[in-house]
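The figures here come from the full heavy-atom set of this structure, side chains too, leaving out hydrogens, waters and symmetry mates. Just so we're clear, the structure is a prediction, and the values are computed from it rather than from any experiment. As the structure lists them, so they are numbered: ligands from 1, and atoms in each ligand from 1.
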Amino acid sequence: MIIVLKPGATEEQINHIVEKLKGFGLQIHMSKGEERTIIGAIGDERVLANQPLEIFPGVEKVMPILQPFKLVSREFKKEDTIIEFENGIKIGGKKIHVMAGPCAIESKELLIQIAEDVKAAGASFIRGGAFKPRTSPYTFQGLGEEGLKYLSEAKKKTGLLVITEVMDPRDIELILPYTDIIQIGTRNMQNFRLLTEVGGYDKPVLLKRGLSATIKEFLMSAEYIMAKGNTKVMLCERGIRTFETYTRNTLDLSAIPVIKKLSHLPVIVDPSHGVGKWDLVAPMAKAAVAAGADGLIIEVHPNPEEAFSDGEQSLKPKAFKELMKELKEIAKAVGREL
Ligand code: PEP
Ligand code: MN
């Protein structure tokens, strides 16, 4: 249920409504827009069947949220969500931000070298996995905490913010001090325990779309995080599984405008995992920006042949730099900045 308040509704009126709703065991989520406040009452709405909420002082209208996802929906929050980071970086606003780096953190020297390269090209975040969700248990699984320390060093050296993946609820506390964004990987999109746990922190989360997830399922997973109080969620389209085998996955670019219509959350696109081939990354990155993405996450490695993972889809720093220049033009053409 959404309760839209009148523009001048007082704190006293708001508290009165909130207390009433809480009394019915509903969870309250407030959305304070520039013009008006919206109260989201989440739970079993049948308890409100005989409550004339419309006549409460300060209330303009009362509407059911028709979508199965509530806090994530545009119905609940009309304005785009903007997530703010240190150094004044904002994701979800006019400026498009790029996260770049190796698939996996391999060594301190290499990570710092890549961080310097992507920073010089204009990236805002260094990416790199310390805990890797590999298909085979016999391949490189990541450096663990050692890798997280290298991310912090790369941040200190370059000023880039950090994004890294958490695979297990038991690792969240370990990862938190090292990262600015918690990444939840494709294979964990429906790990509801993990979603619920990260929902309990204030740290921004990048949620990747599941390999075979519909957009509705994707948004329901984001709802799990938001329902626990963490509103700083970004949705990442990274390709889905289709019958096509030429590319690793099929990057669903239509997901960008669809999600933008259904939700207020920022959309990030990962063209690297989306196509799985380095020479297809640039065209898809450009298409993503043209289609309205708020950010990109791209794999970069100076020596893809020797990369511990995903070398075939990694851009060399020079190609990444070229791409960043081209992306600036595309961004300008669609009224954005990069
Ligand atoms: C990654 O970004 O390193 C990764 C493993 O991606 P995904 O979860 O999309 O496969
Ligand atoms: Mn990868």
- Item | Intermediate values then yes/no, salt bridge (charged side-chain N to carboxylate O under 4.0 Å, His left out), Glu312 and Lys277 | CA-CA 6 Å; Glu312 61 280 18; Lys277 292 183 174 174; over 6 Å; no

- Task: Report the C-alpha separation of Lys155 and Glu86 in whole Å, then their side-chain angles, then the decisive distance to 0.1 Å, and conclude whether the salt bridge (charged side-chain N to carboxylate O under 4.0 Å, His left out) test is met.
- Result: CA-CA 12 Å; Lys155 177 175 181 175; Glu86 50 188 86; 3.4 Å; yes

- Residues lining ligand 1 [heavy-atom distance under 4.0 Å, listed by chain and residue number]: Arg127, Lys132, Pro133, Glu165, Gln183, Gly185, Thr186, Arg187, Lys208, Arg238, His273, Glu299

- Given a cut-off of 2.8 Å, the protein N, O or S atoms lying below it from the Mn ion (ligand 2) are Cys103 SG, His273 NE2, Glu299 OE2, Asp310 OD2

- Message: Between the side chains of Lys70 and Glu223, is the shortest nitrogen-to-carboxylate-oxygen separation below 4.0 Å, so that they form an ion pair?
- Response: no

- Is there a donor-acceptor contact under 3.5 Å linking the side chains of Lys77 and Thr81? yes

- Residues passing the ring pair (Phe, Tyr, Trp, His ring centres under 6.0 Å) test with Phe125, sequence neighbours excluded, are Phe85

- Query: Has Arg187 got more than 12 heavy atoms of other residues, nucleotides or ligands less than 6.0 Å from its CZ?
  - Reply: yes

- Task: State which residues pass side chain to side chain donor-acceptor pair (under 3.5 Å) with Arg74; sequence neighbours excluded, sorted by chain then number.
- Result: Asp80

- Task: Determine, stepwise, if the pair Val233 / Thr231 fulfils side chain to side chain contact (heavy atoms under 4.5 Å, CB included).
- Result: CA-CA 6 Å; Val233 181; Thr231 56; over 6 Å; no

- Message: Other residues, nucleotides and ligands only: do more than 12 of their heavy atoms fall within 6.0 Å of NZ on Lys321?
- Response: no

